[in-house]
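We number each residue from 1, following the sequence as shown. These numbers were taken from a predicted model, which means no experiment stands behind them.
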Amino acid sequence: MAGERKLTPTHEAPYRGLKVLDFGQGIASPYCAMLLGVYGADVIKVEPPEGDWSRYLGTTYGNHTTLSAVYNRGKRSLCLDIKHKDGIAIAQGLAKNADVLIEGFRPGVAERLGLGYESLSRDNPGLVYLSISGFGQSGPYAKRPGSDSVAQAFSGLVSVNLGTDGVPHRVGTTISDVVTGVYAFQAIATTLFARATVGTGRWIDVNLCQSTAALLGHKVAEFILEGGAPRALNVPAGTYQTQDGWMMVTLVNEPQYKRLCAAIGRDDLASDPRFADFARRADAADALIPQLREIFPTLSTEAWLSRLHAADIIAERILNPGEWLRNAHVAATNASVCQETPGVGPVYTPRTPGIASLSEDRLCPAPDVGQDSYDVLTEAGFDRAAIDGLVQCGAVRQAKR
């Protein structure tokens, strides 16, 4: 039983010895599994014959897109056809000895396949079983298809992300998928901690819409207490174009506004009664912000940052991902990590926060579909002839080496 296996944690690999089955596709489920791998778990990515759909979403490099190459690092790939009876039998057998199983099927599908929590936990009561979906395993929307964009829209995130055109926009990255993966990882971590004493695992239900809503925090409280959309919190905070780029300026207290006005040479804005405090500045934003937008293009970003930082104003240049990667601070703090991925090349990604030393650098690159099928099944007790037979009948696929 998985719950009886003794783990051998270290600070660099606290989940060393943990066995994880990752049936997820896309980003949220694979990212959660990848985080377990970052912390030392043995993660087996179980893919269908066609592979994880993230391998084909976007520009392909070899057998990967950036999605599959980034979120499947540190894993081994077992290619199973779980529509085949032998494929299902293999998956069920592997689950008997797994500590964690992660699935991202639509609600009810895993159970129909014979891979639901109730059936698997009978043979493996220590199993920590995580289901990730768009809207959750129950409720009137449970069967609806979900996605990152749907979660951003449903949760309210899009509504609070208004552009200068007045149109609500989705955030320009897969924030719902990523935060769902983080919340799922957190839920698994706490369940593993409890399992050490309780002795059993549990079924964890994490969904994209709830995870994204959790990001909004005080926004939900504000909306109710203020009887609708609240006024802006910290006017004139925002993005401003400079002579040679863009920067972000923000304020968190009243003295900063006066210092901002002095730094830009507009003390008159500090004494104007229309802009006397955050509440009045929010009401008069249409009169204040255009004046700042006329001032900032007169100097370079670097010149403004020098002035603003000297005045202890919170401000920073707006970087694109490539500029972030090349930034001196990022380099000095080892904030990025790179894996050479066969058929792809160097895959750069931000380092996972909070890990001990540079253990993430030792992760293996994302695997090809079925790259490790023989190895995984051999470890599970199958001999070569049996595996060859499973490959021939189509239940298993092994990538060419």
Side-chain angles (χ1 to χ4, degrees), residues 152 156-175 178-179 215-219 222-223 226 228-333 335-336 350:
Q152 289 195 34
L157 179 59
V158 172
S159 75
V160 300
N161 193 39
L162 292 175
T164 55
D165 54 5
V167 175
H169 295 273
R170 72 178 294 277
V171 177
T173 188
T174 54
I175 189 169
V178 169
V179 74
L215 285 178
L216 271 65
H218 68 279
K219 286 295 184 182
E222 274 184 343
F223 201 91
E226 298 199 20
R231 58 161 58 101
L233 282 180
N234 51 0
V235 173
T239 57
Y240 291 95
Q241 189 168 16
T242 66
Q243 198 174 73
D244 60 354
W246 293 83
M247 66 178 182
M248 177 69 71
V249 178
T250 194
L251 312 171
V252 295
N253 58 52
E254 292 294 354
Q256 287 176 335
Y257 175 68
K258 292 184 178 180
R259 297 202 302 271
L260 172 65
C261 293
I264 65 175
R266 290 294 303 272
D267 287 317
D268 59 304
L269 296 178
S271 59
D272 191 318
R274 295 175 298 168
F275 314 136
D277 54 37
F278 277 125
R280 278 177 276 193
R281 288 195 295 275
D283 293 336
D286 289 344
L288 174 59
I289 291 176
Q291 296 189 66
L292 272 64
R293 286 179 176 160
E294 290 180 358
I295 296 168
F296 283 121
T298 61
L299 295 175
S300 68
T301 302
E302 188 60 38
W304 279 123
L305 289 178
S306 178
R307 286 194 186 190
L308 296 176
H309 290 165
D312 197 23
I313 301 298
I314 305 169
E316 192 49 74
R317 69 180 69 248
I318 294 175
L319 304 177
N320 64 41
E323 291 168 333
W324 176 85
L325 187 63
R326 296 188 295 270
N327 183 270
H329 180 76
V330 171
T333 57
S336 69

Practice task
Taking the side chain as every heavy atom from C-beta outward, state whether Pro236 and Leu269 have any pair of such atoms under 4.5 Å apart.
Solution key: no

Handout entry: Nearest heavy-atom neighbours spanning Leu251 and Ala237
Key = N-CB, 4.0 Å

Practice task
Establish, from distance only, whether the side-chain atoms of Asp244 and Thr301 form a donor-acceptor pair under 3.5 Å.
Solution key: yes

Problem - Within 6.0 Å of CG in Asp286, more than 12 heavy atoms from elsewhere - result: no

Practice task
Of all the heavy-atom pairs spanning Ala263 and Leu308, show the shortest one and how long it is.
Solution key: CB-CD2, 4.0 Å

Exercise for the section: For Phe223 and Ala229, work out which heavy atoms get closest and say how close. Expected result: CE1-N, 3.4 Å

Fill in the blank from the handout: One should read off an interatomic distance between Leu319 CG and Met248 CE, to the nearest 0.5 angstrom, of 11.5 Å

Practice task
Compare all side-chain heavy atoms of Ile175 with those of Leu215 and state whether any distance is below 4.5 angstrom.
Solution key: yes

Practice task
With rounding to the nearest 0.5 Å, note down the distance linking CE in Met247 to CD in Gln241.
Solution key: 11.0 Å

Exercise for the section: Please check if the side chain of Asn161 supplies one atom and the backbone of His169 the other of a donor-acceptor pair under 3.5 Å. Expected result: yes

Problem - Atom pair CZ (Arg231) and CD (Glu222), whose distance is rounded to the nearest 0.5 Å - result: 10.5 Å

Practice task
Would you indicate whether His329, at its atom NE2, is surrounded by more than 12 heavy atoms from other residues, nucleotides or ligands within a distance under 6.0 Å?
Solution key: no

Handout entry: Value rounded to 0.5 Å, distance of CG in Leu299 from OG1 in Thr242
Key = 9.0 Å

Handout entry: Phe275 vs Cys261 side-chain heavy atoms within contact, under 4.5 Å
Key = no

Handout entry: Spatial distance of atom OG (Ser300) from atom CG (Leu305) [nearest 0.5 Å]
Key = 8.5 Å

Handout entry: Side chain to side chain, Val249 and Leu292, heavy atoms closer than 4.5 Å
Key = no

Exercise for the section: Take Arg280 and Asp283 through the test salt bridge (charged side-chain N to carboxylate O under 4.0 Å, His left out) and record every step on the way to the result. Expected result: CA-CA 5 Å; Arg280 278 177 276 193; Asp283 293 336; over 6 Å; no

Problem - Rounded distance [0.5 Å steps], CD1 in Ile314 versus CD in Gln256 - result: 4.5 Å

Completion exercise
When Trp304, Phe296, Trp246 are each screened for ring pair (Phe, Tyr, Trp, His ring centres under 6.0 Å) with Tyr240, the one that passes is Phe296

